[in-house]
Each structure stands twice: as structure tokens, then as C-alpha cells.
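Here is the naming used below: chain letters follow the sequence lines, and residue numbers restart at 1 for every chain.
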Amino acid sequence: MKVVETFGLSKTYVQDVLGTEYGRIKFRLRNRKVDALKDLSFSVEQGEIFGLLGPNGAGKTTTIKILMGIHFASRGTATLMGRPLGDLEVKRRIGFLPENPYFYDYLKGYEFLQYYGQLYGMPKRRLNARIEELLDLVGLSHAANLPLKGYSKGMNQRIGLAQSLLNDPQLVILDEPQSGLDPLGRKEVRDIILKLKEEGRTVLFSSHILSDAEMICDRVAILFKGELINIGRMNELLSAKTYQYELIVSGLQADKMDALKKGASKVLDANHESMLIYTEEAQAQEAIRTAIQHGGAIRSLTPRTETLEEYFIRNVKKGGEKRA
Amino acid sequence: MSDNATLPTLEKLEVASWRDKIFPLALWAIILGLLFRPLLWNDWLQIKAAINPAALSYSWKLLGMDILCVGIVFVVLYWLILGRIGFIALNTFREAVRNRILYFILFFAIVLMMASGVVKELAISASTRIVTDIGLTSISFFGLMAAVFAGISLVYNELERKTIYTIVSKPVHRYQFLLGKYFGLLLTIYVIVAIMSLFFFLVFNYQANTSDEVLEKVLYATNTSGQMQMVDHPGLVKAVFLLKAVVKSFGQSVGNLFGFATGAVSPNLLVAIALIGLRLMIVTAIAVFFSSFSTPALSAVFTVMLFMAGTLNEDILRFGMHLRETAIKEAAGAAIPLAAYIKVNLAYLAALVVPNLDSLDVNSEILHGDKVNVWRFSVLYAFSYTGIVLLGAILIFRKRNFK
Ligand SMILES: Nc1ncnc2c1ncn2[C@@H]1O[C@H](COP(=O)(O)OP(=O)(O)O)[C@@H](O)[C@H]1O
Ligand SMILES: [Mg+2]
């Protein structure tokens, strides 16, 4: 079953004369239009982790807001669990974490989760048990009785993650779940997402930090300036072939180093070490042999396949040139 | 795309049952039902009781009405809880309390205390008038302030801080959110009005219970030879008496709050406060309406402007009628010119759009000792106007993109 499906989703933000897009009345002489999303079609299969990737302003948040019924699409439609957007039965089965979440200052962590659980209509006993479980999962058990006012950005993100899982959702939509977290926190979120998948849930999340996504996503869609640049499995998008070898050596005299540098496409020198980058396997092997012969030490050899980061830079550059 | 017939069915989920809530629900229904009884019995504020206070004594008929009140409130509460409106309302109330919006009451208490201290020296009738005047005026004023301030900020906060994002992702309709906010605000404002009224009644009853005549009777007794004589230990007797008076006044005031005209508080005064409640119901709806799409500053300006225009509603109508009469007179049998026709109808339209708060205000009648007469239609009007304004807010809110 397709859990999420969009059909030519487009969004043009218009600041009209009454400027109500921004939630306030603003008188303007000229309308300003932003095409935030252009004809986006994609689908997410049951049980997969789907990444919505792209730099800031790509339209990731816009897509998610439309799916959650916060904004309305200018053109196109979408379904969640096969039903049109806004269906209450579907909302009962979804969890959502907005970008840079911010919650009620005046509530304590526990009260906040209780309130949101009530909005799901959860029975009290089950709700309380679930809250304990989730506080433990996101590592906030110690802060359950602190007011949200005192929560740091990372803690807000965690409690936000907890509220998105209250109802045992079948589909979890997370907008930049790792922003505001330190590297350890990012890893924890990654683990939670993997755990959600293990439990058979579908996860759709967005990120502009590709390294967070590439380790866990089954499939990704790459957005740039509101357009879908590519979509597919990780290994289909990236060339699996090793395209460079990074060799780090130390303990070689300068003249011996020159021999090594000859075949390298790039050389980086640190105090006692040098990193040499080769594009051919044969060159790398030759370099290792030479280094050992002359009494050097091999610190490491890393064959590198393309990363999403590099893929992205390559494709976005192409896309940018096309447009320019 | 799939149409309704081919929608996939989703398996059933366990949800909270009404059995979990039956006790708190019943408790609240009793408390709130009794609080609202002054509105429902008394034959919808037809001031039968004002003319004949005996009509206020409790009877089987009134018991029936009370049970009806509690029943109605129970059904309403059940509906609110079912649609999650109740939870949103309670959270709004909690926000108001924790953000210290109830501090409005403090100002009121200070004003009233100072006023009653000043008028102590006056004759009883004059001091009653002044306390009534200050009490009613400041309950109206602080109620209005609370309605505008809370009504706007509590809706706006939710949009500005984007907590609305997560609310709309829950199984809650947008109209349910807006109604939840509205009922939460109304609850806040009614709690504020109720506490202010309690103070007000307390001052009233205490003054009556400790008037010079009463005090004289306590401190002086006729002795065996028929002469008036001061009792032994007058200081102690007086202190005990005053303490008892406080307790007694408090009991009477709580009775007043639930619609019993006990103590020195006249049924008219109860009606006046119930009407303040109706006016605030309208003002709160207007505040919610504006803040559902506008900035807080503009919303506040619009709401206060509409409130002020509302207190002049009958003047606007009279102005329209005046225009019409002069136009007819000037036309002298010929057709009325278009400009005059438009002017007349604009005035009528204004009177229609602006809330009619005039007809819900009996403060001046009470002060002048006139007969208080509330038109049954005015009460119905208050509910209809509120309903229409909320409907407008919902229609705007339903299709809105949040910032
Ligand atoms: N409410 C809005 N009104 C006007 N423009 C907006 C609004 N929200 C987003 N945009 C614009 O739409 C584009 C896409 O934004 P967004 O979806 O937030 O990107 P992302 O989440 O990928 O960083 C940006 O150019 C942004 O400025
Ligand atoms: Mg974003």
C-alpha cells in the first residue's frame, strides 16, 4: 500500500492585498509570489524510511505542511493511507513533528504529553503508560516535571518527537528531526527512526544534512527550489563504483614523497602525515608498494564511493546552470 | 484518485469511553448547571422576581428547572469532551491561570474596597447606590479588559508560536480548535466575573449586616427597668458579631452567585450581572473572530471599537430613523432621493452589524431605581449574534494557511 502519495503538488505563496498568508492584515501595493513547490509527485511505500532532502528553501517543509493540512496546495492533490488529506481517521494514525518545534511555555513536559494524548482520545491508563515509555525513549524522564519554558532546543526537539509517537502511529512525519541536536543526539534520533521502521511503521522525514539521511533512508527524494530533482533508492542514485582512494602515509622523506605525489590527483600535507588521493586502483597499489619500500608507514587506505553530499552538489550545480 | 467508494478501510482503534469521564462530567454539570440557573429560570430573565421577590422561594417547579439545567450542561459538556473541544478549552483556561490573567480580579477588589471604605460615612441609601454603581461599572470594565486581552492573546499565541501546527495534525477539526479556544476563554472570563461578583456581593451583604442599626441592637439591650443599656464587654461582643457577620455575608454571597436573592442583594442586581455575562459572551466572540485572521493590535482596536459602537447601537438606530423621517418630510410626497435612501439604509445596516449591547445593559435602570425590564428577545439575540460571529470566524479559519 502507498502510505503517502502526491499528485502534481504545487504551492505558490501569495502575499495578497490582505496578506493573510502571513496571518496578519498587511496592505501592499504589489503582490509578491513565491513558487515554493512545483508539480511534485512521489509516493512512500509501507514500512520504508523515506527521506525528503534538499537545501534550505527547497520546499521540504511546504510539502510536509500540505500533507499535514497546515497549508493548502495551490494545485495538485495528495493522499495519506489512500484517503484524501484532512481525514480524521487518518490523523489518528499519524504522528507529526514540525520544524524547530516550540510548545506551551506554561505546561510541564508530562502535562503537555497528556494534553496531546487527550486530543487523540486515548484512554487515560494507556496514555499514562505510553507517556512513561516515550519519555524514556527520548531520554527526558528526568525532565517530565519541569516546565517546557526551561527546555533547551534539543529538549524541545525530543519532547516533540515524543508527542509525535503518542498514538502509536503507523506513519510518522518528521520535519528536520535532527536539527538542534548535538552529534550524540543526532545518532539517538537516527536509532529511534530505525527502531520505528523495525516496528513496521513508515517514516517520512526531511533533512538538509545529507549525512544524517544517507545512513538510514531506504529511498530519498531530492528537492531543489521546489522541484523534484531525483527520486529513488540510495544505491540507484549514487554510483556504487569506487571513484577515489584516499591514502594516508607518514615517515617518508621529502624526495621519496615526490615519487608518490606524481600519480596522485590531490595531495594534502599535515605535520607528519600526507593524504594522497588517487583515482585509479593501480596507482594506489603502486603508491603503497613504493611507500613501504622506502620505510614509510601506511596510516590508512579508504576506497570512497560517492556520497549523497557529493551527488547533491553535482546535481544541484547542474540544475542551477540549467536554470541560469 | 480514489473516490469515496474505494477508500481503504482502516482498522478500528481503541478510544477513551464515556465511562472514564462520567464522574467528573456529572460533578461539573452540577456546578455549572447551578451557576447558569439565573439565566434559565426566572422565565428567561423576565423579571418576575424583581416585581415579586416571593417568586424566588424554592419550589418543585424550580427544582425541575434546576435538574433541566444540569441535564443540559451535562449534554453540552459531553459533546465538548467528545469533540476534544473540552480539552482545548481546559488547556486554554490553564494557560490563562498560569499567565496570571486572573490578576484582573485583584484590580477590581482594590477599587471596590477603596470605594466602600470611602462611602462608609454616607447615608445607607447613598452608599448602596455608589457601591452598586462602582461595582457594576468595574465588573463590566474589567470583564471587558479580560475578554479583549485574553481573547486576543490566547488565540494569537497559538498561531504565533506555531503550536497550531501540531494541533491540526491531531484528530481535531479546525472548528473544534476555535470553539475550544472560545469556550476556554469564556470559562476564564466567567470565573473572573464570578469572583468579582462574589467580592461585590460580599461588600453589599456585609454593609447591610453591619449597619449602624443592626450594630446598635447588638450592643444595647433593654434592661429589666425598660431602659437601654450597653452590654457587658462591648468590644468583645462587637468583634464576635463582626466575625459572624463576615461568615454570614459570605454564605449569602455564595447563595447570590448561584442565583438566590439572599441577603441585601436584589434580584435586579443578579440580572444585571447575568447580562454582563451575556455582553462579555459577545465581546469574546468578536475578539476571537478578529484574532483568527488579524494581528493582536488591530484585533484589539477593532474589538474595542465594535464594543463602543455596540453600546451606542440604539442611538445609531434612532439616527437612522431620524434620517428617514427628515428625508420623507423633505421629499414632501415625492420619491425620496437616492442619496438619502442610501444614507438611511447605511445607518440601519450599521445598527444591524454592530452588536446591540444597549439592550443588554440595565445598569442605569438599576441605579435610577427604575423597573428592570429585559426583553426576552435580547437574550436570544445575544446567543444568535455570538453564534453568527463564531461561524464567521470558523469559515475564515477553516481555509486559512497558517504562517
Ligand atoms: N508562509 C510563507 N509565505 C511565503 N513564502 C514562504 C512561506 N513559507 C515558505 N515560503 C518560501 O517557500 C520556499 C520553500 O520553503 P520551505 O518549504 O520552508 O523550504 P525548506 O523546508 O526546504 O527549507 C522558500 O523560498 C520560502 O521562503
Ligand atoms: Mg524546512
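- Within a 6.0 Å sphere centred on NZ of A:K153, heavy atoms belonging to other residues, nucleotides or ligands number more than 12.
- No side-chain donor-acceptor contact under 3.5 Å links A:R92 to the backbone of B:P171.
- For CZ of B:F149, the number of neighbouring non-hydrogen atoms (other residues, nucleotides, ligands) closer than 6.0 Å is 12 at most.
- Around the CZ atom of B:R98, the shell of radius 6.0 Å holds more than 12 heavy atoms that belong to other residues, nucleotides or ligands.
- Between B:S169 and A:M68, the closest heavy-atom pair is CB-CE, 3.4 Å.
- Closest non-hydrogen pair, A:F96 versus B:T166, comes out as O-CG2, 4.1 Å.
- The residue among B:N91, B:L90, B:I88 with the most heavy atom pairs within less than 4.5 Å of chain A is B:N91.
- In this structure, chain B has heavy atoms under 4.5 Å from both the backbone and the side chain of A:L107.
- Top candidate by heavy-atom pairs under 4.5 Å with chain A, chosen from B:L159, B:I167, B:I164, is B:I167.
- The side chain to side chain contact (heavy atoms under 4.5 Å, CB included) test with B:Y165 singles out one residue from A:I64, A:I70, A:D175, and that residue is A:I70.
- For the pair A:K65 (side chain) and B:N401 (backbone), a donor-acceptor distance under 3.5 Å is absent.
- Listed by chain and number, the residues in a side-chain hydrogen bond (donor to acceptor under 3.5 Å, both in side chains) with A:Q157 amount to none (sequence neighbours excluded).
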Scan the side chains in residues 98-105 of chain A for donor-acceptor partners under 3.5 Å anywhere in the protein, sequence neighbours excluded, and list what turns up.
from	atom 1	to	atom 2	distance (Å)
A:E99	OE1	A:T61	OG1	2.8
A:Y102	OH	A:D105	OD1	2.8
A:Y102	OH	A:D105	OD2	3.2
A:Y104	OH	B:E158	OE2	2.2

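- Ranking B:Q176, B:R174, B:K162 against chain A, the residue ahead of the rest is B:R174, based on heavy-atom pairs under 4.5 Å.
- When side chains are defined from C-beta on, A:L88 counts as touching B:H173, because their heavy atoms get closer than 4.5 Å.
- In this structure, chain B has a heavy atom under 4.5 Å from the side chain of A:Y115, while its backbone stays farther away.
- In terms of heavy atoms, A:F72 sits closest to B:R398 at CZ-O, 3.5 Å.
- Donor-acceptor pairing under 3.5 Å is recorded for the side chains of B:K170 and A:Q163.
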